[in-house]
Each structure stands twice: as C-alpha cells, then as structure tokens.
4 protein chains.
Amino acid sequence: MPGNTIGRNFAVTTFGESHGPAVGCVVDGCPPAVALAEGDIQPDLDRRRPGASRFTSQRREADRVRILSGVFEGQTTGAPIALVIDNVDQRPREYDAIRDLFRPGHADFTYHKKYGVRDHRGGGRASARETAARVAAGAVARKYLAEQFGVRIRGCLTQLGAIRASVADWDEVDNNPFFCADPAQVPAMAQLLDELRKSGDSAGARLHLCASGAPAGWGEPVFDRVDAAIAAAMMSINAVKGVEVGAGFASVAQLGSVHRDELTVDGFATNNAGGVLGGITTGQDILVSIAFKPTSSIRIKGRTVDTAGNPADISVTGRHDPCVGIRAIPIAEAMLALVLTDHALRHRAQCG
Amino acid sequence: MPGNTIGRNFAVTTFGESHGPAVGCVVDGCPPAVALAEGDIQPDLDRRRPGASRFTSQRREADRVRILSGVFEGQTTGAPIALVIDNVDQRPREYDAIRDLFRPGHADFTYHKKYGVRDHRGGGRASARETAARVAAGAVARKYLAEQFGVRIRGCLTQLGAIRASVADWDEVDNNPFFCADPAQVPAMAQLLDELRKSGDSAGARLHLCASGAPAGWGEPVFDRVDAAIAAAMMSINAVKGVEVGAGFASVAQLGSVHRDELTVDGFATNNAGGVLGGITTGQDILVSIAFKPTSSIRIKGRTVDTAGNPADISVTGRHDPCVGIRAIPIAEAMLALVLTDHALRHRAQCG
Amino acid sequence: MPGNTIGRNFAVTTFGESHGPAVGCVVDGCPPAVALAEGDIQPDLDRRRPGASRFTSQRREADRVRILSGVFEGQTTGAPIALVIDNVDQRPREYDAIRDLFRPGHADFTYHKKYGVRDHRGGGRASARETAARVAAGAVARKYLAEQFGVRIRGCLTQLGAIRASVADWDEVDNNPFFCADPAQVPAMAQLLDELRKSGDSAGARLHLCASGAPAGWGEPVFDRVDAAIAAAMMSINAVKGVEVGAGFASVAQLGSVHRDELTVDGFATNNAGGVLGGITTGQDILVSIAFKPTSSIRIKGRTVDTAGNPADISVTGRHDPCVGIRAIPIAEAMLALVLTDHALRHRAQCG
Amino acid sequence: MPGNTIGRNFAVTTFGESHGPAVGCVVDGCPPAVALAEGDIQPDLDRRRPGASRFTSQRREADRVRILSGVFEGQTTGAPIALVIDNVDQRPREYDAIRDLFRPGHADFTYHKKYGVRDHRGGGRASARETAARVAAGAVARKYLAEQFGVRIRGCLTQLGAIRASVADWDEVDNNPFFCADPAQVPAMAQLLDELRKSGDSAGARLHLCASGAPAGWGEPVFDRVDAAIAAAMMSINAVKGVEVGAGFASVAQLGSVHRDELTVDGFATNNAGGVLGGITTGQDILVSIAFKPTSSIRIKGRTVDTAGNPADISVTGRHDPCVGIRAIPIAEAMLALVLTDHALRHRAQCG
C-alpha cells in the first residue's frame, strides 16, 4: 500500500489537503455492531480544533464530521466507514506570496523534489489539517477499545520549550489550554507563548501518553512489535522528532538490576518497560513520550531559496500555532488508539 | 502480513529461534542484476557475531550464511533470496532451570500470555539471535544502495551507561570493541564493562546512525514517512526503547528560529531535521539516535513468578552480553538499509 | 488490509452503500503530474450508469463524480485522490418488505451470518452500486496507462444467455445497448431481454476484454502473477463466476503443439496465452473472458427463509437489470485498468 | 509485498529455483498450539512428487521436508514456520542447449524481458518445482483447518485432453495415477498419455476441487471476496488458464430462476453458487474448477527465437510431465487450503 494507509486489520486511509474541499478518511476492518454516530467522533475533533484559545491557530474550522458509509441504524456494519470533514475557512490566497519559495522546516522542498508538482496552499497534503481525519478515525478506534476492552487513552503536555511539567493530576488536563496535568506550570507556559507570539518565534513540546486497560498479548514479533507500530504512528505525526516507550532514553544510564521490571504475585513491581516486553503488551499501562519540534511557520525572517534556486528571505505570516505540540494531544491519542485496535484484531486473528 | 515481514517493495521475512536448527530470511523484491555472493554478506555478520571480545557474549557461532535462491551466476535474478545461517553452538539444556520462570525484562511473560506455548530456550524467537537474519538481509540492501546510489550507512556508540561519547572520528569505530568514534572514552567504557561483568549487572547504550548519499525524495506521506519507517525499524530491534531523528528530543527546547534549517544556494545551512522533512528525505545525511535498555539477562538475583503464578527468585547465568547495545550497531545499520531500500523502490514505483 | 482495497502500489479503497448518502473511493499511489479532471472520469461513469436503455435498471442516478483531493491545478499531485459520487435516487423504503428475508442468490444470507448486522437496503455494501466507485478509480488508471504507455482497454459482450456473439467489430460496441461487437446478434439479444422482463426472469452474460499496448514485463511471480491479479479483480465483480485468460478452458483439449505460441522474428505467431506467460505480460494483447451469473433479483417467486429461520416465498420487485453482465463492461474494463496500473508501478519499483 | 507471498493473516512466502540448492517457504501467522511434525507435511509432498508413475516426470526427488523453525515440542509456537526441501536430482547441464532460446509457452521470454537476467536451468523460479513449497505450506493450513473446523479439501481430474470424467466416486481418486474419481475413464486416459509420450506432444487438464465443512462467513467484501482470493490462488499455479466457482461459465446460459439457490429450512436447495455468495462462504461445499493448458515442454519441434532475436528451432527434451495438470491436484488443494485458512483468521480478526 502507498503511504496514506495505516493498520493491517483495522486500516485507516486518509485523504485531503489543507485548502482543498475536504479532508477525510476510510476506516476499513472495523468490527460490526459497534454503536457509532457523529456525536461519538465530534468531541475529539473539537479538542483538536484550532481557535480554541489565543495560544493556537486562529483558523476557524467547524470540523463537522459526516459519516458517509459503514454505519446503519446507529451501528457499524463491518463495511468501510467513510468520514468527511469539509474545509470551510480556506484562504489559499494567503499563500500566493510563498508559492515559489521553500519555507524552512517545512515539507515544501521535499514535496517539490519528490513529486515535481506541489499544492503549496498551506502545505497542501503536508498540512497538520490532515490530522483531523486521523482524529476522526481514532475516535472510532477509541470507542471500540473502550467498549470491548475498557481501554482508556490519555495524553498530556510534559514540556513546552524549556518548561517541564509533571504528570501530576490527569484531571487538570482539560482545565487549561495546554493539556497540562501540572497546573503549577501553566502560568509560565502562558507567558512563554505570549512572548513567542510577540517575537514571532515558536517552541517545541513534549507529550506523554498513557493507555490503560489493554490486556497482555497484543503485538506481533518481530517487526510488527506493538511498540514499533507505536513509534511509526507517532513519528508519522507532523513535527514529531522523537519517540520513547517506558523509560526511553533514560534507560541507557540505568543498571539492568534497576531497569528490569521484577514480577511479583501482585504483578510487575515497576514499569520501566512502558507496558511492552518483546513487542507484546504486558497488561500494564502503555507509556509513550514524544517530542515535537518548534513550529516552522514563524514570522522571524529567515533565509531560503525559491524553486528556481535563487536565494530569498522569508517570513511566514498567517494563522499558525506558536507550538504545534499543544493541539497534537488528541492526534497522538488517536494514533495510539489506531495502533492498539489494529493489534487487538491481529491478535484475535492469530490467537483467537 | 503477520509481523515477521518488513518492507513493501523490498520485503524481508525472517525466521528462526535461538536454539533451533537455523535462523534465516527471505528477501523479496530485490532488483535484478545486483552482484551478490556470500562474501558480500559475511562481513556484516562477522561484525555482529558474538565472542569477538571479552565484552560480548561468549557464545561461539560461526554465523556462516548460505544463499539458497535468487542468485544465479553471481547476480540477483529478481527472485526471492533465501539466506540461512545454521545455529551450531546451541545449548538448550542451559535453559532447563528457567523453563517455567519468567525472566524479568524479557519477553517470556508476554509470549506466554500471547501464545500459550513458548520455546523457552534462550528466548526462542525473542532472542537477539534472530537479528543475524536481519544483518544478512541488510547486507543485500546495503550493497544495492551503495552501488545504485552511493549511499553509505554507518553507526557508532555514543553512550554506554552514563558515559557519553562524541562522534569524533568515524575511522576509529573499528579500532575498539565498542564501535566508539571517540577513542578518549574507550578506557572508561572498558572499565565499566569489566565492573559490570564482575557485579553481574548490565548497562544500556545509545547509538548514533548516519546514512549519507540518499537523494531527496524518498518517503511516503503521510503514514509511511521515511522517518516513521525508521522509527518502527529501530524500535523493532530487541531492547530499543527510544528513537530520535535529527535533533530529536532536544528540539523541544529549541526555538523555531534555531531549529528550522534555512536553505541557501549551497544547500541547507544546518541539519536539525536529520535529513527528513515531511517524511521525505532532503538529500542531507539521515541522522538517527536510538536507546538500548540494559541487558535483562543478569546474574544479580531478582524476583519473579513462575508460569503457575508462584513467586520465585531468579539469577540468569549463561553467555550474555553485559550491554546488548554494543553488538547492535550492525543490526541498526542493517535496519536503516532495509528501510531506505524499500523507500527507494517505492519512490521509483510512484515517481519513476 | 481488510477487503475494500485493491492494489499494492496503486491502491484503491472503495466505500459506500446502495442507499446511503454516497459511494466513493480513495486512489493512493497515483503518479504525480497526470492531467486529471472530473471530465476524464465522467464518461466511464455514464457508460455504467443505469437507466440508459430499457434493458437496464431504471434507477436514475446522475452519478456525478467530485474530486475531493489529490488534484491541483488540473494535475495529480501524488497525494491520495478521493472521489465521491452522491446517491440521489435512493428508495430505501422499497426494501422494507424484504428486511428480514434472505433473497436467494444474494449476499443477504452471508452478510447476516458474517456480521450479524446488515444494511438490507438494496443490498447495502453488496450492491452493484459500489462498482460506480471502481469505475471512477479505473478511469484514473486508464488515463495514466493511455498517456504513459499507450495502453487501450476495451470490452464487449460475447454471450447473453445462450446467444453467443463474436468479437467481430470493436467499433460496433457503442452502437447498441448491449456493448456487443457483433451487430447480427443484437436483435436476438433485445428479444431475449424483452421476454425476460416479461417473464420476470433473468439471464447471464459472458464478456470479453482486451488490453492492447502493455509492454512485456508486467507481473510478479509467483503469487502475484498479473493473470492471478486479473482473476481476482474480475471475480471480485458482483455476479462473476468464472475467469479465463487467453484460450482458457478451451486449452484443456488443445495439444501442446497447438497451444504453445511459437516465437518468430515478427513476434509471437499466436496468442493462446492471452498475453501472459509465467504471470508476466508478453507484450501481446491481454485477453480475458468472464462469466456473469443471471441476475438474482427476479420477480418470479422463489423459496427462502427469514432471519428467524422460517420458510417464506419471495418475489423481488424494484428496479433491477435483467442481465447484470451488460452494464458490467465498464466495470470489468476498470478492474483491468486498475490491475495493469498497479503492476506497471510494481514493475518500475523492482526493475526500474 | 512483492509477489512471492500469499495471504494476509496467514502468509506464505516461497523461495527457490528448480536447479538451485533447495525450495522452501516461510509460513507466518500460523495459530499457536497446532500439533505439527514433518510427518504431517510429507504425505502431501509425496502425492505431488514426480516419478510416481510412468505418466509423470521421471525426475527423482525425495522431497524430504525439514522444519527449521516455528515448532517446539511438536506444536506450533506462533512464530514463523520455515520449511525447506532440498533439491537432490538437479541436472542443470541438461539445459545448456536452451540457455539462449526462449521455449514457446514458457516464461523464458517474459523473465528475460522483465529482469534482464535469467536462471534458465529448468525454468528457474518459473518451474513447477516451486509448487513443492506451496504443498508443504498447504499441509500446515490443511491441518489447522481440519482440526479447528473439520474442513476437508479434495481434488480430482475431470478432464484430460478431450476426455471428460465425472466426480463419480471420491474414493477412487487414490486408486489410479490420474487422481480421477471416474474409474471408467482411466483406461482411455492412460492410452492418451501413452500416445502423447510417443508423439512427444502433451495435453491439458481440468480439475475439480471441493472444500467441505467451512462455516458460513469467511470472505471479505468487496475486493477480497473469498472467491476472488481462490481465483487468484488458482491462476497463480503454473499453466492454469481458467477458474470457475460453482456453475462457472455454465451459469451464463442459466435462467435466474434456475441458477439462484433457493433457501429452505433444511438449507440451500442447490449449490450453483459453489458455496460463495457476495464473496462470503455460505457453509455449503466450496466448488472450484480450473483449466490447465497442455505442457509446453514437448519434444515436437517448434519455432522460436534466441535472446539475440535470431530464429531457431526448438525441441524440449528432458524429464517433463506430458500433462502438468495431473500432479497439480495436491497443489490446487494446497492453494485452496491457504486461502481458506487466511480467511478464517481474517474473519476472526474482524468478527471475533
């Protein structure tokens, strides 16, 4: 399959460009008889939606999802579920000035090199707008996982620029515009973002994800380990540059006698593994951490070249998030849900 | 496809257990007319081979590869290439004592939960021995990439336990048993490993990989970005817990004006992206960093349970690497070669 | 991948039910810079469209296709192409009477057994309406094949019930409502269908397909032979029960000295192979023949059971084709185009 | 995946050439805890083995299968099962004379066109010898299907040249060298083959296959219908030119009122569908018929060209089957077993 599909037994294919008529996806392989309506999908889209606070892009998209197929009388039928979200606030003209320029840090250069032709409007297919379709698909997966297995997937911001935050209290995540579980850090984060908006610069972010309730046994050695699938899914999100599972890079400096998670009659004593051993879930919480680079669309002038190879200066105006990582939490949750659902079905295929 | 295959147009399927008769692989989709003989594959296997120094496992495997198909008169024919490496130094009896115990940090528990049956001998399929087949397949990929595109793939150790090393001099990598490019750190590393062997403990490692010479344009948005494929390939290596591309987690604290790689008439000014933008290669060096957890097989006694759920103590003796990350360099290089070859062919499929 | 996707490098995923809001597809992997507009797709849809003559279903669907993505300024961009065709003449109420009955010869019974839930309205996903999306996708493939390789794909009716027709004159195909290349048989065909409409019965059909201009070399041994892919693609069309390539079943009674196509300096002397040897195209015309069973939706009363297992009589009224094979020509052509495009790209991937 | 793999959840990859060291396969996705030993596989290989009667090739291959992985203490573990069959009676020198000639009816020409390089010895990868690996893999599938579902798969010869045979008595199949269920036709068949061996010519064959015991519900609409998968699997066998399911081509001339299989409280009244409706199994016998072209390797002189394009005469001597269809029965059974197992697992993935 070409690159716009993820998953083997629960397969999602997305389509759509930032300033085309719509974005959407087809979810194929969904088990039948899952209760599903637009209302199950919309809340996740609303969490991802731009314009919710002054700290995110001011593009105004209703992000209304429509189910075109695969659902009958409120239930999935086993047929492919097509989900479409119309683009309503396109402003393609805004991009005329950069039509022939490669924005640094963007996919402009590489799309141009790969395809020869390029939809330059807002990044076209490379726009984060594409992730709305992922969130919609992820909502279907999430519903299935919750109903069938009691799996719960949550994410929070654990670093904004240099400001670190702990996973202090999951209940706080929805109480601030940063999806931060550590309310003590929120004022500093707000101040940082206000400064960045003023200076026209941007910051990166680190997210933490936790999936609870997945049983032991999901994941397929050796290449399709569930953690390998998670790594790919996360790295496929725009701007992600790193993925960790469990102790991640910190495990390098751990001793084996510290890192290994001992087993007791009450279960594992620790969870340095992050819920995955040998590529298969252990039944513990699945813990993932991901790094987002700072937004590349910034007002601060920078050097670039145009499509003819001439040097040029560029300053990217428009409606951009000063930190793309913030709104990425529902996206990352969705990707985790897609991977786990796929592996739940794959496990059932082989092991009953 | 179930989980033992990687790649779409250049697809590698591995098989074999640690203490079964052999490990091997089938490489399907290799372009025809690539000059290939066992002698092209053996050197990489020799680099991965245990027993090369006192710092690695003392298991003695010749790791002789045999080509069973797909090569005729010294050239690939386009037919699948089967590679087999016989296991010669099996000692399955050594594992009798832990037949019914779950070794902490190992896949014993998860394989048991997933499959019900388990080849407990040396980890069976979950053993790092499986990676010999990856290295063999990777050697085919590497040869193709080198001949067709001039791609060169190298790896080195950049952290052992808490000891960090720089990428000072690639030429030093083969001059020490740690694949370290920073000779100043080698004595400390040797001392650390000697201590660990004495104490029966183990350490983690961080590796750095660099692929030079890949042209711009490889990688398929949106899910099959080349960096997503790299992330999955790396995370699929035993004991890997983290993957970074380019600046990785450090990009979180970078400003956008610092991170974005400006373009000049002489090319990109920097390479924070690690050679990938929007999931497509930029033509720069592809830079990857990965984290290995400390070896789980250690002599220090730890708590576990047996398959009946009873508590037990465990001490894993046998021939184990005190740091699995060291010998993993040829493995990680192989995985990178497999991903790049697959995407080279995929790119050619779509874009000619 | 679940079952609604066809193709590896040129992959088409269809969605939609007969009486849902729309049918459509996503075409992924299309080469960039192919000139494409709705006007390139609509003519094939119009050929498939019901209601064009008194010999086909009287359902009135405009079958207007909309391109939602993947095309920019009249050219494909390499991004997935989403095509949507709204359903406008749904009459789901017409199916209330058979909601709990299994129509003989239909997928009602098997969908019910497989999924438990079922969209009974007009067959739901099992309706031939789904094939509109295939025709739309096929038009993209056909355009690429024609422009890139000069491939031309044609189909005609060679048997209607017991009436056989020859492939006398391709130019006649568009001059009669049966897509028949043998005008001498048209009156008998019209008479047969008029009789069937009167009696409420139906007939089967045999189609012949010819793809000219494909170069030698397409197809992947051993399982993904191009003829194997053609066989699957044809058998995946509703109501198809048989597929032949070249001499097909007639080759059983041929002698080897007759069947084998001798080679001369002017090319192959004959084409019993139907343009495929060892699963790879020879460069000759690719010749395929397929059998359609008679329409299962007929007025003549028949025995069935309901979902509770009780016996019942059934007579299927509504707007049905007395011979589904007739309108299937554009569908079969589309499937052939999809297979050949996929293999053209796959060949390029491996062999450059 | 390139072309040497079949199946999605139960995936088989074959490798090996006619006169290389071995043929074999990797079976990935097999459920764990299936009792398996070489003795379960050997009988099917023995049925396919050449040299069993004077009517088949006199090549002497023991066809001893070895299990290299995936089985532990007599049970599958869920890991990939590698099966290897050494080639022992290679005579590559026999092919020196035709090294630069394209044998009519063979894949010589197309492999040459596709790959540029070619293992000409006995057809290399295009040899029917490759099918030994399919039979070995099929034996694993067959064992699983029998144990798990009680599925039984049988095949017989229903036409040899112009001699037709009925499916009179399955018990007769093993009592004659033609796998013929109609003993009355055996003498004529023997006479025909003796004549063909004398004249140096060959004949085609038609086989009938029946799988009993498969439950309703296997198969994935719309492209991966189980009958579409069967069609591809059968057409992927060397020399197959046609595939029918159920009434097949005869359904063209049937009336709808005759063809449709009415449902009664005792089940379906007939089985024109051949056990598949809408691409999903009905629970009835799955009935398939396939056409084999006459062997292309014949002694009778024919015209060809050499690789330089010069005209030449060719007469293929060596050890060839005068009718390849005869020994193909275990192969076709194996392919049917592979398809059904894959769909059994796929069904379980989606529908539990």
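These numbers were taken from a predicted model, which means no experiment stands behind them. Each chain gets a letter, A, B and so on, in the order its sequence line appears, and its residues count up from 1.
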Heavy atoms, side chains only, cut-off 4.5 Å: are [X] and [Y] in contact?
| X | Y | value |
| --- | --- | --- |
| Met335(B) | Phe223(A) | yes |
| Pro104(A) | Asp261(B) | no |
| Pro311(B) | Val265(A) | yes |
| Arg103(A) | Leu277(B) | no |
| Met235(B) | Val245(A) | yes |
| Lys241(B) | Phe249(A) | no |
| Phe292(B) | Ser251(A) | no |
| Lys114(B) | His347(A) | yes |

Given a strict heavy-atom distance threshold of 4.5 Å, which part of [X] is in contact with chain B: side chain, backbone, both, or neither?
| X | result |
| --- | --- |
| His106(A) | backbone |
| Ala239(A) | neither |
| Met234(A) | neither |
| Arg125(A) | both |
| Ala273(A) | both |
| Phe268(A) | side chain |
| Leu196(A) | side chain |
| Thr304(A) | both |
| Arg8(A) | side chain |

Go through [options] and name the one with the most non-hydrogen pairs under 4.5 angstrom from chain A.
| options | answer |
| --- | --- |
| Gly278(B), Pro294(B), Gly325(B) | Pro294(B) |
| Ile300(B), Leu255(B), Val12(B) | Leu255(B) |
| Glu220(B), Lys113(B), Arg260(B), Gln254(B) | Arg260(B) |
| Ala126(B), Ser296(B), Ala247(B), Gly219(B) | Gly219(B) |
| Ala250(B), Gly217(B), Ser236(B), Gly352(B) | Ser236(B) |
| Ala216(B), Gly246(B), Ser257(B), Ser297(B) | Ser257(B) |

Hey, which of [options] has the most heavy atom pairs under 4.5 Å with chain B?
| options | result |
| --- | --- |
| Gly283(A), Ala205(A), Ser289(A), Ala269(A) | Ala205(A) |
| Ala228(A), Pro215(A), Ala107(A), Gly105(A) | Ala228(A) |
| Gln350(A), His112(A), Lys293(A), Lys301(A) | Lys293(A) |
| Asp201(A), Val305(A), Leu160(A) | Asp201(A) |
| Thr264(A), Asp108(A), Asn9(A), Ile163(A) | Thr264(A) |
| Gly204(A), Gly3(A), Ala162(A) | Gly3(A) |

Strictly by salt bridge (charged side-chain N to carboxylate O under 4.0 Å, His left out), give each pair with a member in residues 264-277 of chain A just once, sequence neighbours left out.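 Found none.
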For residues [X] and [Y], report the shortest heavy-atom separation together with the two atoms involved.
| X | Y | value |
| --- | --- | --- |
| Gly248(A) | Ala291(B) | O-CB, 4.0 Å |
| Tyr115(B) | Ile280(A) | CE1-CD1, 4.5 Å |
| Ala231(A) | Ala232(B) | CB-N, 4.3 Å |

Which portion of [X] sits near chain A, non-hydrogen atoms under 4.5 angstrom:
| X | answer |
| --- | --- |
| Thr5(B) | backbone |
| Ala233(B) | neither |
| Thr281(B) | backbone |
| Asn272(B) | backbone |
| Arg303(B) | both |

Results of salt bridge (Lys or Arg N to Asp or Glu O under 4.0 Å) for Asp119(B) - residues two or more places apart only: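 Partners of Asp119(B) under the salt bridge (Lys or Arg N to Asp or Glu O under 4.0 Å) test: Arg121(B).
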Hey, does the side chain of Glu244(A) reach the backbone of Gly242(B) with a donor-acceptor pair shorter than 3.5 angstrom?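 The answer is no, because no donor-acceptor pair under 3.5 Å joins these two groups.
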Given side-chain contact (heavy atoms from CB on, under 4.5 Å), test Val222(B) with Arg134(A) step by step and report yes or no. CA-CA 11 Å; Val222(B) 296; Arg134(A) 304 185 186 206; 3.6 Å; yes
State the CG-CD1 distance between Asp224(A) and Ile6(B), to the nearest 0.5 angstrom.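 So the gap between those two atoms works out to 8.0 Å.
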Nearest 0.5 Å, what's the CD1-CZ distance between Ile237(A) and Arg225(B)?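 These two atoms lie 9.0 Å from each other.
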